[in-house]
Protein chains: 2
Amino acid sequence: MELRRLQQSFDAFDEAAAARLGLNRTDLRCLDVVLAEGPVPAGRISVALKLSPAATTTVIDRLERASMVVRSADPGNRRRVLVAATDAARSAEAEIFVPVGQAGAQALRKYGPDDLAVILDFLRTARGVQEEQAARVRAVS
Amino acid sequence: MELRRLQQSFDAFDEAAAARLGLNRTDLRCLDVVLAEGPVPAGRISVALKLSPAATTTVIDRLERASMVVRSADPGNRRRVLVAATDAARSAEAEIFVPVGQAGAQALRKYGPDDLAVILDFLRTARGVQEEQAARVRAVS
DNA sequence: CATTATGTTTCGACATTCGAATCTTTCTGT
DNA sequence: ACAGAAAGATTCGAATGTCGAAACATAATG
């Protein structure tokens, strides 16, 4: 299956990006969330990464030590800790992740509207199959 | 990006499958290799999983304890240990992984030859982009 | 105002991975 | 044929990442 290889290539990219930044994969996913959603409470990261609150705390610790995020108190709710990306994180984003999006967009230009519709439909169909099968597997247990 | 969601759905399926079998993700990937390639030497698993020889030994230990694989000596080279899937592994494969392939094939039937060509081209293009970008990221370090 | 709920952190334990050292078996050069 | 090097897997100790439970601080509720 060609999808398998695509999956592996995603994996390889993530690994390269993590190595480049001196982070592990979990930290990278966390950074991705923080970059995408602006300042987020720690609990939000916990659910996004499907990680226990305890593990989430240490992930944020590591990213903070690496100067990729900063913690700050939520003015509206002082129990909360807001995690925000630093400039270093944003420059890493610009250097590593933005070009992927650009290259992807560029690569898509060779397809006409009809082709793009087929591709999009395929992606959704494939996702539907995966989710359905995941549900089936979960159901038996 | 829709690709992102597809990726996540793959992830969710893998997680469900691992939970169903009481294995962790690494063990599952190892089992996948063993099922796909027949009896394989431990070193082969090591490179396929990008794991150290030491870690590979413990992965095989766990799978053996779970009755999913068996070790046997390679008659042609007694340094080697051949890892083979058990019947339990094959029945897990039939129950969990085979239906995914079937559902996928079924879902693809709605596309004509031209559409399939577009889809295949897209998958290869996307993989090319990812690999190229991974190489770029690796190059800077 | 006492109680409960929410959000995060700390602590101790467990699982996974690695590097280095070890052991056995095979290959190589003489 | 044989000593030394190489290949393949394992063991050992250390480092890392994750979790559950308990603790802590703050907010909401009756």
Side-chain angles (χ1 to χ4, degrees), chain A residues 11-12 14-19 21-34 37-66 68-84, chain B residues 11-12 14-34 37-66 68-85:
Chain A
D11 206 61
D14 282 355
E15 188 179 321
L21 296 175
L23 303 174
N24 66 41
R25 302 283 283 272
T26 302
D27 296 355
L28 191 64
R29 286 197 304 148
C30 176
L31 187 56
D32 194 50
V33 170
V34 174
E37 305 186 18
V40 286
R44 174 78 191 82
I45 297 176
S46 196
V47 309
L49 268 51
K50 287 181 190 154
L51 231 49
S52 71
T56 304
T57 293
T58 74
V59 169
I60 299 170
D61 284 346
R62 286 194 296 265
L63 283 176
E64 197 167 36
R65 214 172 310 123
M68 287 300 187
V69 304
V70 288
R71 276 186 244 241
S72 64
D74 183 335
N77 185 340
R78 287 185 311 187
R79 288 173 298 189
R80 270 193 198 155
V81 167
L82 292 183
V83 181
Chain B
D11 207 60
D14 282 356
E15 188 178 322
R20 176 81 175 68
L21 296 175
L23 303 175
N24 66 40
R25 302 285 283 272
T26 301
D27 296 355
L28 192 64
R29 287 197 304 148
C30 177
L31 187 56
D32 195 49
V33 170
V34 174
E37 305 187 17
V40 286
R44 174 78 191 83
I45 296 175
S46 196
V47 310
L49 269 51
K50 286 180 193 159
L51 231 49
S52 70
T56 304
T57 292
T58 75
V59 169
I60 298 170
D61 284 347
R62 286 193 297 266
L63 284 176
E64 198 167 36
R65 215 173 309 123
M68 287 300 186
V69 304
V70 287
R71 277 186 243 241
S72 64
D74 183 335
N77 185 340
R78 288 183 313 188
R79 286 172 301 188
R80 268 193 200 154
V81 167
L82 291 182
V83 181

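By convention in this document, chain letters (A, B, ...) are assigned in the order of the sequence lines, proteins followed by strands, and residues within each chain are numbered from 1.
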Under the side-chain hydrogen bond (donor to acceptor under 3.5 Å, both in side chains) test, which residues partner [X], sequence neighbours left out?
X	value
B/Arg79	B/Asn77
A/Ser46	A/Thr56
B/Asp74	none

Are A/Met68 and A/Val34 close enough that some pair of their side-chain heavy atoms sits under 4.5 Å apart?
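They are not in contact (no side-chain heavy atoms under 4.5 Å apart), so the answer is no.
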Compare all side-chain heavy atoms of A/Ile45 with those of A/Val59 and state whether any distance is below 4.5 angstrom.
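No. Closest side-chain heavy atoms not under 4.5 Å.
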Could you state the atom-to-atom distance from [atom1] of [X] to [atom2] of [N] in whole Å?
X	N	atom1	atom2	value
A/Asp74	D/dA25	CG	C1'	14 Å
A/Arg78	D/dA27	CZ	C1'	10 Å
A/Arg65	C/dT9	CZ	P	13 Å

Could you run through nucleotides 2-15 of chain D and give me one letter per nucleotide, 5' to 3': B if any protein heavy atom sits under 4.0 Å from the base, S if only the sugar-phosphate is that close, - if neither?
----BBSSBB----
How long is the span from the OG1 atom in A/Thr58 to the CG atom in A/Leu51, to the nearest 0.5 Å?
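Answer rounded to 0.5 Å: 7.5 Å.
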Is any NZ, NE, NH1 or NH2 atom of the basic residue among A/Arg25 and A/Asp11 found under 4.0 Å from an Asp or Glu carboxylate oxygen of the other?
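Answer for the salt bridge query: yes.
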Ignoring backbone atoms, test whether A/Arg62 places a side-chain nitrogen or oxygen under 4.0 Å from the OP1 or OP2 oxygen of D/dT16.
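For D/dT16, neither OP1 nor OP2 has a side-chain N or O of A/Arg62 closer than 4.0 Å.
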Identify, between A/Ser52 and A/Pro75, the residue whose nearest nucleotide on DNA chain D lies closer to the 5' end.
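First, find each residue's nearest nucleotide; the 5'-ward one identifies A/Ser52.
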Suppose the criterion is salt bridge (charged side-chain N to carboxylate O under 4.0 Å, His left out): which pairs have a residue in residues 44-58 of chain B, not counting sequence neighbours?
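Pairs touching residues 44-58 of chain B that pass the test: B/Glu37-B/Arg44.
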I need the residues from residues 23-31 of chain B with at least one non-hydrogen atom less than 4.0 Å from DNA chain D; give them sorted by number, or say none.
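By residue number: none to list.
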